[in-house]
Amino acid sequence: MPCSPRLLLCAALLLGMCSCTTSSSARRELPANAVTLRFAWPEGFSGRVEQHTIIQMSGQGGAMESRRSYWLREEPGAREDQRRLVAVSDGEPSSVFGSFMDPEVTIIFDREGNFLGAENPQQEAVRELLEALPLPAEEKEQAQQGAVAALAGVARDRWEQRVGAWRGVTLVPGEPIRRKTKLWLGQSFLEREEVEAEERISIEPAVPCTPDEQERRCVKLIVEVEPLRAYHESEPCERAEGFWHFILVTDPQRLLPYSVLKVRQDEMNGCREDGSRYTRQSLQAEELTFTYGVAPPAPGSRTL
């Protein structure tokens, strides 16, 4: 199945990124070009999201690819200090592979942009499924709680990546923030290894919010996470490498996202019985584009 040229081009560009300047954290006074990101979502907005996901593994002869779309609408929450970002399905994913992707769910947040929780009508379906299984009541309840917690964790991570983590952050173009972190490497649970890594956060100001927009009122936030160690020929054969890169185009005055690109690559190096080396690679790329001001489906549509 052919892959999107735009998505793979973005992934290729990410592979060549590097940051060679020092962190802005040492400055006592911020320069005039510093950008402070502020959360100020407009009430009652709606929009449509297009999602394109690719997973490609070396030796598999192609990529698994899926497209799906859904609608978003912002509305009041159960309490005065709460808001809801409701996700409404716009049909089934374009492939069976897409059916296994984590669903977008309704997110609960407050007026400052703090994540408060997630809602998913499918939770009741999970409970009904568990009720039909020959399991003790205690195990069923634990399984239900685990499913709900996992869903909330995915929703929280997405919210933080797209909105929450950027509230009040100040960045200086050309001066990325560098900090130590951890990165999981490996293509399977048996190969997974947590290693020391460096996270670099940088910003490009004055970019178009969408490709066809003339006004440059958005910013591009770039996060690169890569291992600190380097590969040496004298080290053992079994060795995992990789990276995680993230690009967010957003409105700095409101933190309303316009596009998201996530790319993760894992590489496993090993040795054959004859002593020759081999490398297995996998690439995961996910691209989302947000279009605002379009009407969501009529009431009664199936929510995700």
Side-chain angles (χ1 to χ4, degrees), residues 10 24-25 30 32-51 70-77 80-88 104-119 152-177 179 199-213 215-225 244-263 286-294 296:
C10 290
S24 62
S25 60
L30 293 172
N33 63 339
V35 179
T36 298
L37 307 167
R38 307 185 188 282
F39 178 80
W41 273 15
E43 294 187 357
F45 74 84
S46 63
R48 191 166 188 264
V49 183
E50 300 282 346
Q51 180 177 354
Y70 53 94
W71 301 85
L72 295 175
R73 63 173 181 265
E74 195 271 356
E75 61 183 38
E80 184 178 355
D81 61 337
Q82 291 183 350
R83 308 297 299 175
R84 300 171 76 239
L85 183 63
V86 181
V88 181
E104 290 286 345
V105 299
T106 295
I107 289 177
I108 312 300
F109 61 99
D110 65 18
R111 296 182 183 277
E112 285 72 47
N114 295 299
F115 176 88
L116 300 179
E119 298 176 359
V154 170
R156 177 187 290 275
D157 288 345
R158 287 173 172 169
W159 176 263
E160 291 301 310
Q161 289 174 5
R162 301 172 190 177
V163 181
W166 304 106
R167 297 169 301 142
V169 172
T170 298
L171 296 168
V172 180
E175 298 185 11
I177 294 176
R179 56 193 182 193
E199 180 183 63
R200 299 186 298 273
I201 303 173
S202 56
I203 187 171
E204 293 182 16
V207 302
C209 296
T210 62
D212 57 351
E213 186 173 309
E215 187 179 2
R216 294 176 172 268
R217 58 187 177 87
C218 279
V219 297
K220 180 184 293 184
L221 301 168
I222 303 169
V223 182
E224 305 163 273
V225 181
W244 185 85
H245 289 171
F246 174 84
I247 292 180
L248 168 67
V249 174
T250 188
D251 181 347
Q253 302 301 318
R254 300 187 295 180
L255 277 178
L256 205 60
Y258 281 84
S259 67
V260 171
L261 176 65
K262 294 192 294 184
V263 177
E286 179 182 85
E287 182 182 36
L288 297 98
T289 56
F290 300 76
T291 304
Y292 299 106
V294 290

Fill in: Partners passing side chain to side chain donor-acceptor pair (under 3.5 Å) against Arg216 (at least two apart in sequence or in another chain)
none
Worksheet item: Is there a side chain to side chain contact (heavy atoms under 4.5 Å, CB included) between Tyr258 and Cys218 once you walk through the steps?
Response: CA-CA 9 Å; Tyr258 281 84; Cys218 279; 3.8 Å; yes
Worksheet item: Counting N and O atoms only, with roles assigned by atom type, does the side chain of Thr250 sit under 3.5 Å from a partner on the main chain of Leu256, one being a donor and the other an acceptor?
Response: yes
Worksheet item: So how far is it from Leu85 CG to Thr106 OG1, rounded to the nearest 0.5 Å?
Response: 7.5 Å
Fill in: Stepwise side chain to side chain contact (heavy atoms under 4.5 Å, CB included) test for Thr170 and Leu30
CA-CA 9 Å; Thr170 298; Leu30 293 172; 3.4 Å; yes
Worksheet item: If you take all heavy atoms of Leu248 and Gln161, which pair is closest and at what distance?
Response: CD2-O, 3.9 Å
Worksheet item: Would you say the side chain of Val223 lies within less than 4.5 Å of the side chain of Arg200, judging by non-hydrogen atoms?
Response: no
Worksheet entry | Side-chain heavy atoms of Pro173 within contact of Glu204, under 4.5 Å | no
Discussion item. So for atom CZ, which belongs to Arg111, do other residues, nucleotides or ligands contribute more than 12 heavy atoms lying within a distance under 6.0 Å?
Written reply: yes
Discussion item. Restricting to side chain to side chain donor-acceptor pair (under 3.5 Å), what partner residues turn up for Arg83, sequence neighbours left out?
Written reply: Glu74
Fill in: Non-hydrogen atoms of Ala152 and Phe115 that approach each other most closely
O-CZ, 3.9 Å
Worksheet item: In chain order, what residues pass the salt bridge (Lys or Arg N to Asp or Glu O under 4.0 Å) check against Asp81, with sequence neighbours excluded?
Response: Arg79
Worksheet item: Can you find a side-chain donor-acceptor pair between Gln51 and Glu286 that sits under 3.5 Å?
Response: yes
Item to complete: Kindly compute the distance separating CZ (Phe290) from OG (Ser259), expressed to the nearest 0.5 Å.
Response: 8.5 Å
Worksheet entry | Gap between atom OH of Tyr70 and atom CZ of Arg48 - 0.5 Å precision | 11.5 Å
Worksheet item: Mind checking whether Val219 and Leu37 have side chains closer than 4.5 Å, heavy atoms only?
Response: yes
Response to the item:
Between Pro252 and Val35, the two heavy atoms sitting closest are CB-CG1, 4.2 Å
Item to complete: Considering non-hydrogen atoms only, spot the tightest contact between Lys220 and Val207 and give its length.
Response: N-CG2, 3.9 Å
Fill in: Contact check, side chains of Leu221 and Phe246, non-hydrogen atoms, under 4.5 Å
no
Worksheet item: So, for Ala155 and Ile107, which heavy atoms are closest and what is the spacing to 0.1 Å?
Response: O-CD1, 4.0 Å
Worksheet item: Are side-chain heavy atoms of Pro257 and Tyr292 found at a separation under 4.5 Å?
Response: yes
Discussion item. Please give me the minimum heavy-atom distance between Pro208 and Val249, naming the atom from each residue.
Written reply: O-CG1, 3.9 Å
Item to complete: Using the test side chain to side chain contact (heavy atoms under 4.5 Å, CB included), find all partners of Glu112 that sit at least two apart in sequence or belong to another chain.
Response: Asp110, Asn114, Arg167
Fill in: Within-4.5 Å side-chain heavy-atom neighbours: Gln253 and Arg217
no
Discussion item. I'd like to check Val172 versus Ile177 (side-chain heavy atoms, cut-off strictly below 4.5 Å). Are they in contact?
Written reply: no
Item to complete: Check whether any side-chain heavy atom of Arg179 lies under 4.5 Å from a side-chain heavy atom of Ile201, and answer yes or no.
Response: yes
Discussion item. Among residues at least two apart in sequence or on other chains, which ones pass side chain to side chain donor-acceptor pair (under 3.5 Å) with Arg84?
Written reply: Glu75, Glu119
Worksheet item: Can you tell which of Val260, Leu72, Thr291 makes a side-chain contact (heavy atoms from CB on, under 4.5 Å) with Val49?
Response: Leu72
Discussion item. Taking ring-ring contact (aromatic ring centres under 6.0 Å, His included) as the definition, give me every residue that meets it alongside Trp41, ordered by chain and number, with sequence neighbours left out.
Written reply: Phe39, Phe45, Phe109, Trp159
